[in-house]
Amino acid sequence: MVELTGLPAVEAKNVTKTFGAGPDAVVALDNVSVTIQQNEFFTLLGPSGCGKTTLLRLIAGFELPTAGSILLEGQEVAHLPPFKRMVNTVFQSYALFPHLTVAENIGFGLKMLGRRRADRDAQIEKMLKLVKMEPMRNRKVHQLSGGQQQRVALARALAPHPKVLLLDEPLSALDLKLRKEMQIELKRLQHETGITFIFVTHDQEEALTMSDRIAVMSHGKILQIGTANEIYEHPVDRFVADFIGETNFIEAEVMQRIGNRGQIRLPSGIALARELDPIAPVGGKVTLAIRPERIDLVKPGADCQLAGKVENIVYFGTDTHFHIDLDTGGDVTVRVQNRRGFQEVLKQGDAVGLRIAPEAMQVLKD
Amino acid sequence: MRAAKGVDLRSQFGFHTIAIVCLVVLYFPLLILIVFSINANDIVAVFSGVSTRWYEKAFYNEEFHNAARNTLIIAVSATIGSTIFATLAAVATTRVAPWRGQNAVYMVINLPLMVPEIITAVATLSFFALLGRTLGFNFGIGNIILAHLVFCIPFAYMPIRARLESMDLTLEGAAADLYATPFKAFWHVTLPLLMPGISSGAALAFIVSFDDFTITQLVAGPGQTTLPLYIWAMIRRPMTPEINAISTILLGISILFILISFWIAQRRKAG
């Protein structure tokens with residue numbers, strides 16, 4: 001595990017970015033604030049158009065913020081052009097220079113910084129070794145495979161030893177197997193170089209497996225910042241719960257509340273004691289998020305929170321998904337690992353009970 | 001890639017006939033020119049045997065040498081000058097935020113292509129006459145170089161601009177990200193990637209200047225004869241196949257330049 005110093009590498013303070021003007025103006029970022037620590041693997045996660053790439057481009061210096069400030073190790077940089085920021089980018093298209101060799105590509109930043117040739121060559125060798133591309137040093141870019149180009153792009157961006165490395169969906173052009181390899185490779189590189197990584201992706205699995213912390217974004221706002229576990233287990237709202245993994249949503253009614261605790265009632269009539277942090281009045285509705293793997297299928301009975309009928313069974317190898325029509329209306333998905341048990345004998349149309357641990361039901365803010 | 005069956009133009013009625021007629025009209029006169037340049041006879045139109053005597057005669061022809069020297073000096077100077085200006089103009093018109101007058105600028109740059117050349121020639125002549133009379137400026141052969149340089153700019157501009165427009169802007173962004181100032185980014189990334197466009201532009205400018213007749217004829221002073229002017233003068237005297245030999249040499253040089261520029265473009269693309 002990389003040691004976090006707790007010092008901020010990048011701070012965005014109340015950053016707003018608007019493209020265009022007048023009635024056609026598009027708000028790409030809406031008053032966003034986030035602090036990214038040194039040595040952190042930080043991921044900006046969200047669907048396309050959520051503003052994650054805009055935030056990255058603002059940190060790199062390709063865009064100027066409409067309002068707010070961007071600090072790099074405590075220094076205001078919002079007004080500086082890209083070539084004056086000790087920040088490097090791995091572009092989605094790699095953007096390698098086609099007229100230069102692999103080694104010349106890697107040495108480009110150092111050359112522009114005016115480093116001496118001997119220092120440059122030493123650093124190029126180090127980088128070639130780091131990304132395991134030593135035999136390719138004299139190749140031109142078009143002679144490389146997609147995965148190799150990816151490694152050169154990483155080496156080129158890491159060579160000047162930037163304070164922060166920005167990665168704009170760098171794995172999206174690779175096939176699944178190579179992508180998995182590069183995920184591990186990126187973690188290794190971040191560990192070995194000790195550089196802060198800011199990684200942009202729309203792939204929630206990529207975000208969960210690689211990041212120290214994740215910021216989930218939607219419509220130009222950051223909805224939640226937290227570790228993979230925090231975001232998966234305690235999503236703040238419906239969007240986050242739905243975007244990260246699969247989730248079932250069930251409505252419940254607030255029966256009574258004392259302070260921030262209260263009683264809620266499931267559609268099946270079963271009452272539960274819950275913390276109710278968001279403001280929901282007695283008699284009002286709250287939404288519960290329940291992960292498909294946190295529900296047990298059992299024989300219908302009094303100890304079940306919900307009951308329904310098997311509507312559909314989909315076999316996935318390591319697990320099986322059961323789609324259940326609830327007796328009280330609506331439907332849920334239940335994911336069961338394929339070990340021998342009660343669910344093996346289930347078939348379409350069977351009546352089942354659903355047992356859910358109280359802590360698996362997350363009350364959402366919306 | 002092969003076109004889908006039925007859409008293939010080659011299967012259309014009359015395709016082969018039209019193609020052959022076009023090729024004959026285009027290349028048969030050139031073939032005659034070359035064949036009669038090795039004619040032993042004194043009269044151009046009567047072929048009486050193979051000989052290199054007209055090439056030998058051209059080889060020792062002082063006037064031809066002078067004309068060739070003038071033409072090369074003018075064409076090389078005009079090519080270098082117009083290519084530099086065209087490159088600057090192309091960068092200035094493609095690497096800026098869109099603005100209101102942009103289309104007007106394209107028009108102004110490309111307008112000389114649409115103005116009849118004789119008009120440009122008369123205008124240039126008047127311009128130099130005025131310059132000479134009022135300010136006493138006369139640059140000699142520099143007048144022709146200047147005139148060629150100016151009318152070659154739009155020819156050089158077109159391929160350079162096309163190349164700049166098709167270039168991936170992310171590359172220049174990547175250079176800036178890697179600490180290149182705007183000038184260094186241009187020098188180390190944009191310019192090397194632009195070379196195929198620049199070499200096509202330069203080749204076009206060279207050919208246009210090399211065989212220009214109209215403007216040169218009006219602007220040229222005594223002793224400033226170029227090859228096209230010299231050939232024109234020869235035609236008005238009793239014609240010998242020497243004119244064919246000289247024309248063939250001219251053709252050879254033109255083809256050579258096109259091949260060199262093609263080769264540079266190919267090498268850059270592959271490299």
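In what follows, every heavy atom counts, from backbone to side chain, and hydrogens, waters and symmetry copies are set aside. Throughout, protein chains are lettered first and strands after them, A, B, ... in sequence-line order, and every chain is numbered starting at 1.
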Query - side-chain contact (heavy atoms from CB on, under 4.5 Å) evaluation trace for A:F97 with B:L193 - result: CA-CA 9 Å; A:F97 303 124; B:L193 293 173; 5.7 Å; no
Report task. Identify the heavy atoms of A:F108 and B:A180 that sit nearest to each other, and give their distance. Result ->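 Answer, listing the atom of A:F108 first, then B:A180: CE2-CB, 4.2 Å.
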Heavy-atom proximity to chain B below 4.5 Å, by part of [X]:
| X | result |
| --- | --- |
| A:R85 | backbone |
| A:L166 | neither |
| A:T89 | both |
| A:V141 | neither |

[Y] side chain reached by [X] side chain, heavy atoms, under 4.5 Å:
| X | Y | answer |
| --- | --- | --- |
| B:H188 | A:K111 | yes |
| B:D177 | A:F62 | yes |
| A:L100 | B:P192 | no |

Query raised in the report: Is it the backbone or the side chain of B:A185 that comes under 4.5 Å from a heavy atom of chain A, or both, or neither?
Result: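 B:A185 has no heavy atom closer than 4.5 Å to chain A.
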Around atom [atom1] of [X], are there more than 12 heavy atoms from other residues, nucleotides or ligands closer than 6.0 Å?
| X | atom1 | answer |
| --- | --- | --- |
| A:Q75 | CD | no |
| A:F19 | CZ | yes |
| B:F85 | CZ | no |

Query raised in the report: Is a side-chain N or O of A:N88 found less than 3.5 angstrom from the main chain of B:L178, in a donor-acceptor match?
Result: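 Between the backbone of B:L178 and the side chain of A:N88 there is no qualifying donor-acceptor contact (under 3.5 Å).
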Query raised in the report: So which of A:P81, A:S93, A:G109, A:A60 has the biggest tally of heavy-atom pairs under 4.5 Å with chain B?
Result: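 Ranked by heavy-atom pairs under 4.5 Å with chain B, first place is A:G109.
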